[in-house]
Amino acid sequence: MRVFVTGASGHIGSAVIPELVDAGHEVVGLARSESSAAAVKALGAEVRRGDLADPDGLRAAAVDADAVVHLAFDHAAMAAGDMAGAAAADRTVAQVFGEALAGTGKALIGIGMGHGDGNEHLGAAYSANPRIATGRLFGEFAERGVRAVLVGIPPVVHSTRDRSGFLPMLIRIARATGVSGYAGDGSNQWSAVHTLDLGRLYRLALEKAPAGAELHAAAEEGVAVREIAGVVGRRLGIPVESVPEERLAAHFGFFGGLISLDVPVKSARTRELLGWEPVEAGLVADLEEGHYFRNE
């Protein structure tokens with residue numbers, strides 16, 4: 001298949017593109033700068049220059065492809081506190097792709113969830129996320145002749161390619177404050193997946209997932225944040241401590257709204273549907289390997 005990928009030079013795209021290319025797919029990656037274009041080309045993909053603010057360009061790229069894998073998101077706006085704005089822009093891009101592919105049966109694979117998959121706790125977490133509107137839009141596309149598929153990505157996607165995810169942020173804050181902190185008793189859990197295992201899941205989703213599928217990409221259902229903080233503290237040689245609720249914002253900054261996240265995720269149905277079996281190192285083993293601390 002000819003596959004158009006946004007976010008092609010990003011963390012996840014850097015694993016998805018080689019996985020698709022190695023499987024024989026022809027990949028076209030969106031790049032908005034010369035450096036991004038060079039990175040996309042090095043991954044083995046054809047480069048299409050442009051950005052998410054050009055709906056006509058996105059529409060043309062989608063029409064020219066057999067499938068679209070939409071990975072891009074305005075993380076800078078999100079980090080600046082404008083999650084609602086970033087989510088609204090993402091919904092606009094998804095709308096462009098959906099309209100372009102309507103009635104074709106072509107695949108459109110995005111990030112997120114349209115509901116909590118029957119899990120009340122998980123459903124509440126997804127409903128509170130502004131990106132839920134995009135997820136629900138994918139459900140509408142599935143009824144309009146698009147093989148729309150959503151991939152629910154865990155909070156932690158870890159590997160040597162991870163430069164700005166939960167783990168690097170947690171380590172930077174620990175270095176800056178001299179404390180490896182967690183919220184409450186630290187028993188809340190973050191689900192996780194290795195970048196390379198996630199790349200394989202995207203390929204399988206492209207090749208096998210039916211219209212309307214909502215996939216859970218968790219290789220590990222949940223790892224206690226206290227355990228993660230413990231490894232960080234030991235590696236940095238600093239105390240590991242609980243941060244009181246009233247000090248979370250001051251201690252963690254933007255990350256204070258995420259440190260208490262507790263959404264363990266089961267992926268048994270996804271594994272059964274796609275035949276996906278994660279094989280890479282788990283979160284703690286990857287953290288123990290030490291590359292996160294060398295990169296800092």
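Residues take their numbers from the sequence shown, with the count starting at 1. Just so you know, these numbers come straight off a predicted model, no measurement behind them.
Cluster annotation: L58 is not connected to V47 through the hydrophobic network of ILVMFWY side chains, with a link wherever side-chain heavy atoms come within less than 4.5 Å. By the criterion of side-chain heavy atoms lying less than 4.5 angstrom apart, applied directly or through intervening Ile, Leu, Val, Met, Phe, Trp or Tyr residues, F254 is not grouped with V179; the two fall into different hydrophobic clusters. Each of V40 and I12 belongs to its own hydrophobic cluster when Ile, Leu, Val, Met, Phe, Trp and Tyr are linked at side-chain heavy-atom distances under 4.5 angstrom. Under the 4.5 Å side-chain heavy-atom criterion for grouping Ile, Leu, Val, Met, Phe, Trp and Tyr, V223 is connected to V263 within one hydrophobic cluster.
Contact of the I111 side chain with the F73 side chain is not registered, since no non-hydrogen atoms from C-beta on lie closer than 4.5 Å. By the 4.5 Å heavy-atom criterion applied to side chains, D286 and H291 are counted as neighbours. Side-chain contact between L20 and L206 is present, with at least one heavy-atom pair separated by less than 4.5 Å. In this structure the side chain of I228 reaches within 4.5 angstrom of the side chain of L167, judged on heavy atoms. A heavy-atom distance below 4.5 Å is not found between the side chains of E26 and V3. Side-chain contact between R271 and K266: absent, with no pair of heavy atoms (C-beta onward) separated by less than 4.5 Å. Taking the side chain as every heavy atom from C-beta outward, I109 and Y202 approach each other to under 4.5 Å. Looking at heavy atoms from C-beta onward, K106 lies out of side-chain contact with V68 at the 4.5 angstrom threshold.
The closest side-chain donor-acceptor pair between S267 and T270, if any, does not fall under 3.5 angstrom. Of the N and O atoms on the side chains of S14 and R161, at least one donor lies less than 3.5 Å from an acceptor on the other residue. Judged by distance alone, the side chains of Y292 and D162 do bring a donor and an acceptor atom under 3.5 Å apart. In summary, the side chains of E19 and H25 do not present any donor paired with an acceptor at a separation below 3.5 Å, with no hydrogens or angles considered.
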**Request:** Could you walk me through whether L287 and I171 pass the side chain to side chain contact (heavy atoms under 4.5 Å, CB included) test, one step at a time?
**Result:** CA-CA 11 Å; L287 197 57; I171 292 168; 4.3 Å; yes
**Intermediate values then yes/no, side chain to side chain contact (heavy atoms under 4.5 Å, CB included), L215 and L273** = CA-CA 9 Å; L215 309 173; L273 177 66; 3.8 Å; yes
**Request:** Kindly indicate, with the supporting measurements, whether the criterion side chain to side chain contact (heavy atoms under 4.5 Å, CB included) is fulfilled by L101 and V63.
**Result:** CA-CA 7 Å; L101 300 180; V63 169; 6.0 Å; no
**Request:** Please lay out, stage by stage, how R144 and E99 fare under the test salt bridge (charged side-chain N to carboxylate O under 4.0 Å, His left out).
**Result:** CA-CA 9 Å; R144 296 179 57 195; E99 294 292 344; 3.1 Å; yes
**Prompt:** Could you go step by step and tell me if R172 and L170 meet the side chain to side chain contact (heavy atoms under 4.5 Å, CB included) rule?
**Reply:** CA-CA 6 Å; R172 282 194 287 270; L170 197 63; over 6 Å; no
**Request:** Before giving the answer on salt bridge (charged side-chain N to carboxylate O under 4.0 Å, His left out), spell out for R234 and E288 the whole-Å C-alpha distance, their side-chain angles and the decisive distance to 0.1 Å.
**Result:** CA-CA 10 Å; R234 179 165 48 76; E288 290 279 20; 2.4 Å; yes
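A pairwise comparison of heavy atoms in L274 and A209 identifies CD2-N, 4.0 Å as the closest pair. The minimum heavy-atom distance linking V5 with A8 is given by the pair O-CB, 3.7 Å. Closest heavy-atom contact between A218 and P154: CA-CG, 3.7 Å. Residues S260 and L248 come closest through the heavy atom pair OG-CD1, 3.8 Å. In terms of heavy-atom proximity, A285 sits nearest to A281 at CB-CB, 4.4 Å. Residues V149 and P210 share a closest heavy-atom pair of CG2-O, 3.6 Å.
Salt bridge absent: E214 and R269 never bring a charged side-chain N and a carboxylate O closer than 4.0 Å. A salt bridge does not link R136 to E140: none of the charged nitrogens lies less than 4.0 Å from a carboxylate oxygen. The residues E46 and R2 are annotated as salt-bridged, a charged nitrogen and a carboxylate oxygen being separated by less than 4.0 angstrom. A salt bridge does not link R226 to E241: none of the charged side-chain nitrogens sits closer than 4.0 Å to a carboxylate oxygen.
Under the ring pair (Phe, Tyr, Trp, His ring centres under 6.0 Å) criterion, the residue pairs touching residues 88-108 are H70-F97, with sequence neighbours excluded.
Distance alone, capped at 3.5 Å, is enough to place a donor-acceptor pair between the T6 side chain and the A72 backbone. A distance-only check finds no donor-acceptor pair linking the side chain of W276 to the backbone of A217 [under 3.5 Å]. Without hydrogens or angle criteria, T92 side chain to A88 main chain gives a donor-acceptor distance under 3.5 Å. Without hydrogens or angle criteria, E220 side chain to L283 main chain gives a donor-acceptor distance under 3.5 Å. The closest donor-acceptor contact from the side chain of S180 to the backbone of A229 lies under 3.5 Å. Checking side-chain atoms of R147 against main-chain N and O of L108 turns up no donor-acceptor pair under 3.5 Å. Within the 3.5 Å criterion, the main-chain N or O of F4 finds no donor-acceptor partner in the side chain of D64. Side-chain atoms of T177 come within 3.5 Å of backbone atoms of I173 as a donor-acceptor pair (strictly under, hydrogens ignored).
Residue I17 is tested with L71, V27, V28 for a side chain to side chain contact (heavy atoms under 4.5 Å, CB included); the sole match is V27. The salt bridge (Lys or Arg N to Asp or Glu O under 4.0 Å) test with R200 is passed by exactly one of E280, E207, E277: E280.
For the atom pair L43 CG and S9 OG, the distance stands at 8.0 Å (nearest 0.5 Å).
When the shell of 6.0 Å around CD of E272 is examined, it contains 12 or fewer heavy atoms from other residues, nucleotides or ligands.
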Expected list for residues 189-196: side-chain donor-acceptor pairs under 3.5 angstrom, two or more places apart:
unit_1	atom_1	unit_2	atom_2	d
W190	NE1	L261	O	3.3
H194	ND1	L196	N	3.1
T195	OG1	H11	NE2	2.7
T195	OG1	H158	O	3.4
T195	OG1	S159	OG	2.7

